[in-house]
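Keep in mind that this is a model prediction, so the values were computed, not measured.
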Amino acid sequence: MELFIVLHNISSTQRIIDFAKLIFNLNINHFIVTKVGGVAAQAGVPEVSKLAYKNNKSFIILPDLKDAIEIFKPEVVYLFTQSAEKTFTKDLLKDKSRVMLVFPGNESGFNKLELNLGEPVKIEGLSNEISPVALVGIVAYCLINEGKILNKQ
C-alpha cells in the first residue's frame, strides 16, 4: 500500500516538525502539507525539508488539499475528525493500493468544503479533538499492531 500522510492548515513550527519526525521514524515515505502559513511556512518547512532529505523521504508543500488529491490521485481519502460518524479501522484500507490520510493542523479542524473532499473518520474512544501528532501516532500504532505495513521499503 502506498500511503500519503497530509497535514492540512498548519501554522505551528513545532507541530509540523514533531509531526514529520514521527511519521519519518515510522518509515512513512510521503509527507504532504497543505495550506501552510505563518511561522510554520517560514521556519517549519525548511526544517522539515532538511529532515526529509536526511531520511530520504518525500516532502511536498501544496496550497490546498484539493491540489494534493488531484496530484497524487489516491483511491480513498480519509479526513480525521472526532465529529465524524464513521470510525476508522484497518478494514477501511483493505485492498487499497493508494491511500491518503489527512490530519487537521489546527484546533478548528476541517471546514465543510474540505470534509466533502474525502470521507470523515474518527478514532474510537476519543471524545474530543487531539493534537495531530498524537492522532497520527495512534493511527500508525493501530495499523502496525494490526499487521498492516506502512510503506516498508
#### Entry: From CA spacing to verdict: side-chain contact (heavy atoms from CB on, under 4.5 Å), Val102, Val77
CA-CA 7 Å; Val102 185; Val77 177; 3.8 Å; yes
### Task
Evaluate the side-chain contact (heavy atoms from CB on, under 4.5 Å) criterion for residues Val36 and Leu7: first the C-alpha distance (whole Å), next the side-chain angles of each, then the deciding distance (0.1 Å), finally the verdict.
CA-CA 9 Å; Val36 61; Leu7 184 59; over 6 Å; no
### Task
Output, in order, the C-alpha distance, side-chain angles, deciding distance and verdict of side-chain contact (heavy atoms from CB on, under 4.5 Å) for Lys96 and Glu2.
CA-CA 9 Å; Lys96 303 285 190 265; Glu2 194 168 14; over 6 Å; no
#### Entry: Test side-chain contact (heavy atoms from CB on, under 4.5 Å) applied to Leu3 and His30, step by step
CA-CA 7 Å; Leu3 185 62; His30 304 293; over 6 Å; no
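Here the shortest heavy-atom pairing between Gly109 and Pro104 reads CA-CB, 3.8 Å. Closest approach of Ala140 and Leu26 over heavy atoms only: CB-CD1, 3.3 Å. Of all heavy-atom pairs between Arg98 and Lys73, the closest is NE-O, 3.5 Å. Residues Ala20 and Val48 share a closest heavy-atom pair of CB-CG1, 3.6 Å. Here the shortest heavy-atom pairing between Gly105 and Pro132 reads CA-CG, 4.3 Å.
Annotation: Phe59 is not in aromatic contact with Phe24 [ring centroid separation under 6.0 Å not met].
One hydrophobic cluster holds both Leu126 and Tyr78 under the rule that ILVMFWY side chains link at heavy-atom gaps under 4.5 Å. In this structure, Leu143 is a member of the same hydrophobic cluster as Val76, with clusters built from ILVMFWY side-chain heavy atoms closer than 4.5 Å.
Between the side chain of Asn111 and the backbone N or O of Leu113, at least one donor-acceptor pair lies under 3.5 Å. Here the side chain of Asn116 pairs a donor or acceptor atom with the backbone of Lys112 at under 3.5 angstrom. A donor-acceptor pair under 3.5 Å is absent between the side-chain atoms of Asp18 and the main chain of Lys21, judged by distance alone.
Within the model, atoms NZ of Lys57 and CD1 of Ile60 stand 14.0 Å from one another, a figure rounded to the nearest 0.5 Å. How far CD1 of Ile16 is from CD1 of Ile61: 7.5 Å, rounded to the nearest 0.5 Å. Taking CG of Leu117 as the start and CD of Glu70 as the end, the distance is 11.5 Å to the nearest 0.5 Å. To the nearest 0.5 angstrom, Ser11 atom OG is 10.5 Å from Lys35 atom NZ.
Considering only heavy atoms from C-beta on, Ile5 stays 4.5 Å or farther from Ile32 through its side chain. In this structure the side chain of Val6 reaches within 4.5 angstrom of the side chain of Leu65, judged on heavy atoms. Side-chain contact between Leu79 and Glu119 is absent, with no heavy-atom pair separated by less than 4.5 Å. Using a 4.5 Å heavy-atom threshold, the side chains of Tyr141 and Val136 count as separate. Asn29 is not listed as a side-chain neighbour of Ser58, based on a closest heavy-atom distance of 4.5 Å or more. Proximity of Asp64 to Thr34: side-chain heavy atoms (C-beta onward) are nowhere separated by under 4.5 Å. Glu129 has its side chain within reach of Thr81: a pair of non-hydrogen atoms, C-beta onward, lies under 4.5 Å apart. Side-chain contact check for Val139 versus Ile123: some heavy-atom pair is nearer than 4.5 Å.
Counted by atom type alone, Ser97 and Glu75 present one or more donor-acceptor pairs between their side chains at under 3.5 Å. The closest side-chain donor-acceptor pair between Thr13 and Glu47, if any, does not fall under 3.5 angstrom.
Ion pairing of Glu107 with Arg15 is present here, as a side-chain N (NZ or NE/NH1/NH2) and a carboxylate O approach within less than 4.0 Å.
The one candidate from Phe19, Phe103, Phe4, Phe72 that meets the ring-ring contact (aromatic ring centres under 6.0 Å, His included) condition with Phe31 is Phe19.
In terms of the side chain to side chain contact (heavy atoms under 4.5 Å, CB included) criterion, Asn128 has no residue partners (sequence neighbours excluded).
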